[in-house]
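Heavy-atom basis, side chains included; hydrogens, waters and symmetry copies ignored. Quick caveat: nothing in here was measured; it's all calculated off a predicted structure.
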Amino acid sequence: MTDRTLSAVLADFACAVRREPLPEEVAASVRDRVLDVLGLCVGARRLDTSTAAIAYVLEQGGAEQAHVVGEARRVPAALAALANGVLAHSLDYDDTHLPSVLHPSASVVPAALAAAEAVRADGRALLAAVAAGLEVCVRLGMAGYDRGTNNSVFFEHGQHATSICGAIGGAVAAASLFGLDEAGVAHAIGVSASMSSGVIEANRTGGTVKRLHCGWAAHAGVSAAQLVRHGFTGPPTVLEGRFGFFEAFLHGRFDADALTDGLGEEWEVPGIFFKPYPANHFTHTVVDAGRALREQGVDPDEVESLVIGVPAPVVRTVGEPIERKRVPSTPYEAQFSGPYAVSVGLLGGSGLGASLADYAAERLDEPRRRRLMSRADVVADDECTAIFPHQFPAVVRARTRDGREWTAKVLANWGGPENPLTVEELRAKFRDNARDLLDEDAVRAVEEGVARLPEGFPPHELLALTRVRTDA
């Protein structure tokens, strides 16, 4: 812990990152996250909510500063960040930090891309800004993580830590690219804290507003940095103060050491989990366990019952109410369904094991899938609960008509440090997301451009490459 204000410590860190070369592992991780987010933004253009967000942005008019992914026309930087943040989070395919359980890149990367375009920054500056923004974002999340209950205090209060912390992470990234000094970055943190928001009720009872959250956070981050450029200031004790961020969101329960200890030396960024599947991260090991059962020899058509064991806090997200989880009516509901996830694994998915095609609306009513889901229960498993939230494990038990009992345990997520995705697998994910929307030359050009960011490849040229096909 330090006697200096927390925002000053974070600002000094961000400016130091801008001046010094990134550690190789951090730079590679950030580069891969930029490609991942671009692919998510392209893929999400298929959604009605994406069409709505882009239409909203385009009708606002204003200075031509930055691209919405897929669009030829440029828009004001904050609005580009809004649209791209919506796109980045809408497929539930964006990365996850554990154990804070927030999704940092979907806010920070869109904010940084928009700011980088607005000032014509080079690729090295973009990577440094994203690295600083991601680190601040996830450390804020960890400051709100209760080690006693193994849960996020943000979440228990009904708050979406992803967008709340993402607004400040986005502000740090944007302020860095706008060239603000330590005082300016601290002010951007102070201003963005008043813009942080996100209510997570949509996870329980529906509505599409959650897809807006990361867009609004990215918009807030860019807007805060721009307002500081024009003279706005924030309170120096905006985080730890009596009426500050941690009091407002966490009722004063926070871990300041999680925010500052080892800052700049021990990086959280490389350990952020990539998602191999386009679904709620809690369901990923359920998909893998279903696949493991299939590989053991389980015939999906012979399954009599399925018991999906998950960490106790996860049951309410992927298993309740079970009657609804067994009959998801929309792709979004399927992404949050344990019974649907096990059906994907047992029946065999596409892509890396489950892709966007496996969550398409026409798949939901397939008789074999419906039959499997009708036989699935979701329960709390003690072994999984003991591991959560450092991993999202699953233990699936099946009984077949011949009376045989089968068990598959998946205790570590694919895509995390213990079982990482390779660069080629991340590219395969990008290509699958871009399929039918970008032509093959554009796909290759984006991959090559991202690979050259450490050499200084300009982000504004990279965004111009993402224009979607006119016949898509």
Side-chain angles (χ1 to χ4, degrees), residues 5-7 10-11 14 53 56-57 60 62 65-66 75-86 88-89 102-115 118 129-130 132-134 136-141 143-144 154 157-178 180 183-200 209-241 243-250 254 259:
T5 67
L6 294 176
S7 61
L10 297 179
Y56 168 80
V57 163
Q60 302 306 305
Q65 295 175 325
V75 299
L79 289 174
L82 169 63
N84 290 335
V86 170
H89 192 52
L102 57 78
H103 308 285
S105 291
S107 297
V108 173
V109 173
L113 287 171
V130 172
L134 291 176
V136 167
C137 179
V138 299
R139 282 174 172 268
L140 282 169
F154 289 104
H157 292 171
Q159 300 159 349
H160 195 190
T162 289
S163 54
I164 292 167
C165 302
I168 296 178
V172 167
S176 296
L177 286 157
F178 288 148
L180 299 184
V185 175
H187 285 310
I189 292 171
V191 172
S192 64
S194 285
M195 301 174 170
S196 296
S197 62
V199 174
I200 202 65
V209 66
K210 179 175 173 286
R211 292 177 174 175
L212 177 64
H213 285 184
C214 287
W216 201 249
H219 180 277
V222 174
S223 297
Q226 289 176 320
L227 287 165
V228 169
R229 291 178 84 190
H230 288 288
F232 267 82
T233 59
T237 54
V238 66
L239 297 177
E240 70 271 33
F243 301 107
F245 177 88
F246 290 128
E247 181 64 34
F249 288 106
L250 305 177
F254 70 98
L259 192 59

Flag side-chain contact, heavy atom, 4.5 Å: [X] against [Y]:
X	Y	result
Met195	Leu227	yes
Ser196	Phe249	yes
Phe245	Leu6	no
Leu259	Leu239	yes
Phe232	His187	no
Phe243	Thr237	no
Asn84	Leu113	no

For the residue pair Trp216 and His219, does the interplanar ring angle fall in the parallel (under 30°), tilted (30 to 60°) or perpendicular (over 60°) class? parallel
At their closest point, which heavy atom of [X] faces which heavy atom of [Y], and how far apart are they?
X	Y	value
Val228	Gly184	CG1-O, 3.6 Å
Val222	Ala81	CG2-CB, 3.8 Å
Val57	Ala83	CG2-CB, 3.9 Å
Leu250	Gly144	CD1-CA, 3.6 Å
Val108	Gly170	CG2-N, 3.9 Å
Ala53	Val86	CB-CG1, 3.9 Å

Partners meeting side-chain hydrogen bond (donor to acceptor under 3.5 Å, both in side chains) with Ser105 (sequence neighbours left out): Asp95
Who are the ring-ring contact (aromatic ring centres under 6.0 Å, His included) partners of Phe154, not counting sequence neighbours? none
By ring-ring contact (aromatic ring centres under 6.0 Å, His included), His160 pairs with (sequence neighbours left out) His89, His213
Tell me, with the steps shown, if Phe178 and Val185 meet side chain to side chain contact (heavy atoms under 4.5 Å, CB included). CA-CA 10 Å; Phe178 288 148; Val185 175; over 6 Å; no
I'd like to know if the side chain of [X] and the backbone of [Y] have a donor-acceptor N/O pair within less than 3.5 Å.
X	Y	answer
Ser223	Ala78	no
Ser163	Ser197	yes
Gln159	Ile164	no
Ser107	Pro104	no

Atom pair [atom1] ([X]) and [atom2] ([Y]), whose distance is rounded to the nearest 0.5 Å:
X	Y	atom1	atom2	answer
Cys214	Leu82	SG	CG	11.5 Å
Ile189	Thr5	CD1	OG1	8.5 Å
Cys165	His103	SG	NE2	12.0 Å

